[in-house]
J.: 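If you scroll down you'll find the structure; I have some questions about it.
Keep in mind it's a predicted model, so treat the numbers as computed, not measured. Naming: A, B, ... by sequence-line order, numbering from 1 per chain.
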2 protein chains.
Amino acid sequence: MPYPIYTKAMPKRSSYHHGDLANALLDAAETVLQERGLAGFTLRECARRAGVSHSAPKHHFGDAQGLLSEIAARGFQRLTAGLSAEIAKAKGDLVGEFRATSIAYLNFAEEYPEHFRMMLRADLLCLDNANLFAAAQSTFNELTNLILRQRGEPEIGVQATSTNHEHAGNVIDDIIIGWTFVHGFAHLHLEKQLQMLGNADDQQERLLRAATRLSELLQIQAHKADH
Amino acid sequence: MPYPIYTKAMPKRSSYHHGDLANALLDAAETVLQERGLAGFTLRECARRAGVSHSAPKHHFGDAQGLLSEIAARGFQRLTAGLSAEIAKAKGDLVGEFRATSIAYLNFAEEYPEHFRMMLRADLLCLDNANLFAAAQSTFNELTNLILRQRGEPEIGVQATSTNHEHAGNVIDDIIIGWTFVHGFAHLHLEKQLQMLGNADDQQERLLRAATRLSELLQIQAHKADH
DNA sequence: TTCTTAACTTTTCACTGTCAAGATTGACGA
DNA sequence: TCGTCAATCTTGACAGTGAAAAGTTAAGAA
């Protein structure tokens with residue numbers, strides 16, 4: 001892995017204390033992640049961009065794991081926002097909602113590939129981090145409610161879903177099927193495994209067709225369970 | 001990321017030339033990957049274990065990307081073998097085959113977590129590598145044929161599937177749905193995202209139930225398309 | 001025998017995270 | 001107003017890293 005070109009130190013600050021270093025580091029870290037990728041991500045480069053010494057980040061985040069966990073939280077927040085925005089546009093149209101979700105998830109992975117990679121690396125993150133946990137939960141919520149609507153069931157909280165799932169029939173199964181589909185496609189696409197299927201020009205098209213089909217399957221089955 | 005304890009150099013070889021360094025490095029690299037993880041993987045440690053200087057690997061693999069690509073190929077070979085072995089046990093039982101595949105895929109991710117992580121990192125690998133490409137293709141083949149059987153269609157080669165997919169109706173859609181399910185679950189589980197669903201004790205059980213359901217959906221739909 | 005080339009070593013360089021010790025500062029109580 | 005104290009940030013050192021360049025060794029072809 002060839003080392004990238006490094007940024008020069010920022011002009012010296014007037015005051016000794018930065019004032020808002022934590023946020024400055026978070027912003028810097030997101031830029032580094034996007035520009036240099038996860039493999040090229042270093043704490044020292046983040047510090048350099050924030051205009052502080054290489055050891056300054058330690059006081060705020062401990063180590064890279066701490067910093068990355070916060071950025072992962074931001075990532076999940078952004079993902080959730082993207083999902084709900086696209087779902088809102090298709091509100092009421094069940095197949096449309098499922099298609100919109102699939103595309104929004106894929107778009108996030110394409111727009112923030114290095115965030116996406118990092119967000120799904122349990123070994124690089126501190127999953128106990130409250131911000132991260134809450135943000136990931138909100139994404140999960142969005143997907144759960146999507147599936148509940150597909151099944152024509154009232155939206156319920158995650159807690160309810162996960163705790164009394166004995167009474168929820170096969171809701172959990174459908175949540176898993178929907179979630180793994182949306183995530184699996186984005187992941188396999190990002191890591192270039194879907195090239196196996198042929199030219200990659202029309203991956204969006206391909207995703208849409210599969211999403212349509214899966215949405216129909218879920219609705220059919222839900223309807224069957226009615227009687 | 002704390003640095004691990006390092007192995008001492010191997011006892012000096014009698015001859016200047018190693019004789020089979022390429023393979024020795026591959027073996028060493030797999031061990032390093034398993035012991036230290038992807039984040040702790042270094043070329044120098046591989047060289048140390050193979051008993052050669054830290055620059056020796058360059059001659060055989062160029063850089064880490066070259067070495068990892070070969071190991072990724074081994075990984076896909078192992079995964080394919082695991083899938084086909086489990087499928088063979090359930091031969092004839094369609095739901096059973098799909099369940100077996102899901103479990104086998106998950107088992108691979110659990111048994112070789114760092115391989116799995118590395119195999120799905122387009123930025124760390126050289127996807128042009130012939131061994132890697134062929135091995136990944138063989139895994140894809142296994143999954144494709146599984147879906148074709150689910151649909152009650154004759155097994156065909158990947159090339160045929162991907163080129164004249166206009167004539168294949170929604171085969172591609174089902175392949176994608178099946179593949180993303182199996183992969184998505186394993187990935188989300190490995191990266192601890194499924195904890196959202198509650199206690200992780202019975203993840204295998206959860207996977208089996210969802211797999212059963214999806215298999216049934218795929219078969220129902222295939223049957224519907226018959227008339 | 002000599003030439004050539006592949007396989008491997010050595011050295012050096014710029015960079016990394018971690019750690020310990022020191023400098024600077026603002027806030028708060030006396 | 002003054003001290004002191006804890007939080008914030010800097011400095012310097014250490015062991016380890018990948019890459020590149022130059023040197024060494026062995027083996028096989030001419």
J.: Roughly, in whole Å, what's the span from CD in A:E45 to P in C:dA14?
T.: 17 Å
J.: Hey, which sits more toward the 5' end of DNA chain C by its nearest nucleotide, B:R44 or B:L21?
T.: B:L21
J.: Rounded to whole Å, please give me the gap between CZ in A:R36 and C1' in C:dC15.
T.: 12 Å
J.: Would one find a side-chain N or O of B:S53 under 4.0 angstrom from OP1 or OP2 of C:dT10?
T.: no
J.: Do B:W179 and B:F140 have ring centres separated by under 6.0 Å?
T.: yes
J.: Going by atom types alone, do B:Q150 and B:S215 pair a side-chain donor with an acceptor below 3.5 Å?
T.: yes
J.: Please verify the inter-ring angle class for A:F181 with A:F185; under 30° counts as parallel, over 60° as perpendicular, anything in between as tilted.
T.: tilted
J.: So that I can tick it off, tell me whether B:D27 and B:R49 are bridged by a salt bridge, with the cut-off set at under 4.0 angstrom between side-chain N and carboxylate O.
T.: no
J.: Measure the distance from NZ on A:K58 to P on D:dT11 and round it to the nearest whole Å.
T.: 17 Å
J.: Please confirm whether the shortest side-chain N or O distance from A:R48 to OP1 or OP2 of C:dT16 is below 4.0 Å.
T.: yes
J.: If only side-chain N and O atoms of A:H60 are considered, is one of them under 4.0 Å from the OP1 or OP2 phosphate oxygen of D:dC9?
T.: yes
J.: Reckon A:H59 has a side-chain N or O less than 4.0 Å from the OP1 or OP2 of D:dC9?
T.: no
J.: Is there a donor N/O on one and an acceptor N/O on the other, under 3.5 Å, for the side chain of A:S55 and the base of C:dC19?
T.: yes
J.: If you check the B:A56 side chain, which of C:dT9, D:dG18, D:dT10 turns out closest?
T.: C:dT9
J.: Take atom CG of A:L43 and atom P of D:dG16, then tell me their distance rounded to the nearest Å.
T.: 20 Å
J.: Hey, what bend do you get for the helix from C:dT1-D:dA30 to C:dA30-D:dT1 if you fit axes on five pairs at each end, rounded to 10°?
T.: 10°
J.: Measuring from the side chain of A:H54 (C-beta onward, heavy atoms only), which nucleotide among C:dG17, D:dT11, D:dT17 has the closest atom?
T.: D:dT11
J.: Quiz question: by atom type and distance under 3.5 Å, do the side chains of A:Q193 and A:H187 form a donor-acceptor pair?
T.: no
J.: What is the separation between atom CZ on A:F61 and atom P on C:dT18, rounded to the nearest whole Å?
T.: 15 Å
J.: With a 4.0 Å heavy-atom cut-off, tell me which residues in residues 23-31 of chain B come close to DNA chain C, sorted by residue number.
T.: none
J.: Are the aromatic ring centres of B:H115 and B:F76 under 6.0 angstrom apart?
T.: no
J.: Can you measure from CG (B:L143) to CD1 (B:I175) and round to the nearest 0.5 angstrom?
T.: 9.5 Å
J.: Does A:R78 make a cation-pi contact with A:Y112, if we ask for NZ or CZ under 6.0 Å from the ring centre and within 45° of the axis?
T.: yes
J.: Quick one: do A:K58 and A:D63 make a salt bridge, cutoff under 4.0 Å?
T.: no
